[in-house]
> 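Got a structure for you, questions after.
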Amino acid sequence: MPRSNFLTENIPQETAGPWLWLGTVLAMLGVFCLCVMIVVAALPAFFSHSHSPFEWVWQPNQGHFGILPMCVGTLLLSFSSLALGFPWALAIAVWHLTEEASAFAHAKTAVGALIRFLTTIPTVVLSFAAVFLLTPFLRLHIGGTGFCLLGASLMVSLLILPTMILVLESGLKGKLEALCPYGLALGFSRYDLLRYCVLPQSVRTLTQAAVLGFGRALGDTLLPLMLAGNAPHVPTRVNESMRTLSAHMALVTANEVGGSAYNSLFAAGLFLLGTSVVVTLILRRLARTDTSPERP
Amino acid sequence: MHAMFPPTLRVWLLRLAPLLLLLIVLGLLFFLVQKGHSALSLNLLFGDTPPLMAVLGQAAVWNGLWPACAGTLYLVLLTLLLALFPGLCCGIYLAEYANRRSALGIGLAMDILAGTPSIVMGLFGFTLIVFLRRTFCPSANTSLLLSAACLALLVLPNIVSNTREALAAIPRELRITALALGLGKNAMIRHILLPQAVHGIAAGVVLALARAAEDTAVIMLTGAVANSGLPAGLLDRFEALPFSIYYTAAEYQNADELASGFGAALILLALSALLVFLAHLLERRFLQRSRGYHATGHLC
Amino acid sequence: MSQLFRKTLILASMAVLAMVQSPRADSLDDFKNLSGKLDIAGGTAHIPVMKAAAQDIMRANPKIRITVAAGGSGVGVQKVGEGLVQIGNTGRALKEKEIAKYGLVSFPFAIDGVAVAVNPDNPVTSLTKAQIKDVFAGKVTNWRELGGHDAPISLYVREDGSGTRETFETRALDKASSTDKANVVNSNGAMKTAIAKDANAIGYVGIGHLDASIRGVAIDGQKPTQEGAASGAYPVTRLLYMNTKGQPQGLTKAFIEYIFSEKGKVLISKAGYIPYAKK
């Protein structure tokens, strides 16, 4: 973050040493390689006329390699996870910042630790457990096979929850604490301050949390692979089976190398990468238009 | 909202959210322990090999998770080795040297990297190897080194942003003092800022390790195998815990094998919980140290 | 009890097959003077056999290192063709163009049947081929139409390119594709978990994976058993192949011979397959 103050303007300017340069260049080179390789590898899929990946049917043995249902599936899953996870994350963050009853002091510490712990649960463990717990439960209560959009999005929302809570808390806490001495003296509760003073000013923080959660939901592979059912069609109800691009990539790489199916894989990779870049750009734009004070 | 819910109801609704989370996580843990505890024993790790011999590498382990644990350990360390240098350099450069434009560019690159799904990273690794084989290096193969390199790229943004944040969080008084004492910029960074930020940086590094330890999608495509024994070298394939879990869930033939899968899940969970706990401790030390300079503290 | 029964059957079928095989010496001795690395990849069904054989060999001679990677049949072909591994396993015969492109040599070593499986609580024990076709085409969607409870059918299939799926669609569905509404799982284990937990499920697994948690369904009166698969009475079967690029040499050759040896046959039977004699 370039700070334009007397510190950066008035000290003797030295340039970065050669090692620092080397490291930075190395890192940039890695990113460059990644982007170029995925784009180049995806090109054949875009220019193939016979087996275009941009159609709605995936039936490899009949020459249909459409990945559009998977694109829709990915977006559906990401948005529905966000719809489930975001209010939940916000509620937890608000509770954590405003709980005033001293009886809950220990609970606050415990929930803080819980959220940290949640970031550590490997997705493979999460999905392994959910196959045995959540899937039969859903089958019983909402019908279908239990491997469905809802099951996957419930677990993905759990996955993105800690990311969003941490972003929300770090964004809201400073502003709230700054208001506290005056606000409390005026007789407002912490909740009132947060709800009526801080939240309306913190659209950026809220969006940032949502966008980060969305990005995480977009790319997760194992949860949809093991929980969503993977049928290559667009689901019309929440209890229907669906397939995401990431799961599709895992399924295809297991069996096909070379050929149209394999090429469509890179188109899928490019779509994922592209979506995540768009999301990133939105995030950056938001960060730039920020007018709220950084620190008290 | 105020009008909709009376305050007491609102308070309890808010309390419901963390409670629900708590219940879910406890339920999950209970389930894992219930399924996995019967399998948790030295036997799960070492099969029928004497544990000491196995740990010392004297005897090979069959039917145990030890090679997978060792594989994960090697993988994580190698990832660290590869990611640390560029990650630190990039973070320091961003925080201290970059002008507005290059900071924007590098920051954007890091954001893209951070948003790259791990399966795309795995695909990148696999394509890279196929490309290398066809061009420069026909003997290149999927291996520990490739997996670690891809994972390093995956966790790089974590290290970079943590380094950057840790440096930015250092109180300005310290910089002013250092400069007033006549230190040059490079010397100030090296001798004052970095030692000050080391705990904050370390916390980011440990979190990156936890990410590397749990990732499955990358290693699935770049060199993890179902059976290989202890990793023999950088250019060899390896076993890893997350992959073992995935593989067990996919191919178990009887209830015992399934239980060992749950056992492996417990071990992996404990391992990453340990890493995150470590990161938390480091972070707290960092905060305490840097707060020492803000003697005033906050009012509420 | 049933375990004993199964073992006897397997041993009996082994004995029949073993007669055509010329007796070999205990071939672990062959590895005495060998060292080096052998990489194996491909079909998931092969892994238990490959893993067990690799462990035996590495135990006997620590200088040898054998890795067994998962993947699928397609990966097996490509990896061995590109020289990334020495043995690429497939759960299907190689296609003409694959042989032509890479110059591969196939070694079928085991017979595996693919069984239609349902939940043990399902009263349906037998289906005709026509019924199975209708179910997997998505035309029949309720168990009542097949003589079961009034419940919707949950359909599970394997992923495209899986050897198991290919065998099932070729032999049981007469090359028809299954409906795209079906759930797709990517392994025998995932299939078993799904069927065992879902009372209305139907899917297919390798016969070796049938156990108490799921039940095989007879097709046109033929029960899915290993001896039925071996004799050819049960129609949905396939061979498991090891493939090498050109004729195998050295360690690769020794490994393949070990799979075909008496000890190898025991390993194959243990994994739930029927050893297939080397031609």
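In what follows, chains carry the letters A, B, and so on, assigned in the order in which the sequence lines appear, proteins first and then strands, with residues in each chain numbered from 1. This is a predicted model, so every value here is computed, not measured.
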> Run C/V185 and A/N230 through side chain to side chain contact (heavy atoms under 4.5 Å, CB included) and show every step you take.
CA-CA 7 Å; C/V185 292; A/N230 298 324; over 6 Å; no
> Is chain C contacted by the side chain of A/P232, its backbone, both, or neither, given a heavy-atom distance below 4.5 Å?
both
> Where does C/E166 contact chain A at under 4.5 Å (heavy atoms): side chain, backbone, both or neither?
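No part of it gets close to chain A.
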> Go through the atoms of C/S178 and report whether side chain, backbone, both or neither lie under 4.5 Å from a heavy atom of chain A.
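It is the backbone, since no side chain atom gets that close.
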> Please evaluate residues A/L251 and C/V184 with respect to the criterion side chain to side chain contact (heavy atoms under 4.5 Å, CB included), reporting the C-alpha separation (whole Å), side-chain torsions for both, the decisive distance (0.1 Å), and the verdict.
CA-CA 9 Å; A/L251 285 174; C/V184 179; 4.2 Å; yes
> First locate atom CG of C/D160, then atom CH2 of A/W58, and finally report the distance between them rounded to the nearest 0.5 Å.
6.5 Å
> Decide yes or no on side chain to side chain contact (heavy atoms under 4.5 Å, CB included) for C/D198 and A/F147, but give the supporting numbers first.
CA-CA 10 Å; C/D198 185 349; A/F147 291 96; over 6 Å; no
> Taking all non-hydrogen atoms of both residues, which atom of A/H233 and which atom of C/D180 are closest, and how far apart?
CD2-O, 3.7 Å
> Please check if the side chain of A/R139 supplies one atom and the backbone of C/K197 the other of a donor-acceptor pair under 3.5 Å.
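Flag set: sc A/R139 to bb C/K197 pair under 3.5 Å.
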> Non-hydrogen atoms of chain A under 4.5 Å away: do they reach the side chain of C/A190, the backbone, both or neither?
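Neither; nothing under 4.5 Å.
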> What is the distance from atom OG1 of A/T135 to atom CG of C/N183, rounded to the nearest 0.5 Å?
10.0 Å
> Can you tell me which portion of A/L140 sits under 4.5 Å from chain C's heavy atoms? Options are side chain, backbone, both or neither.
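Neither; nothing under 4.5 Å.
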> Report the distance from atom CD of C/E159 to atom CZ of A/R243, rounding to the nearest 0.5 Å.
9.0 Å
> For C/A182 and A/S241, work out which heavy atoms get closest and say how close.
O-OG, 4.5 Å
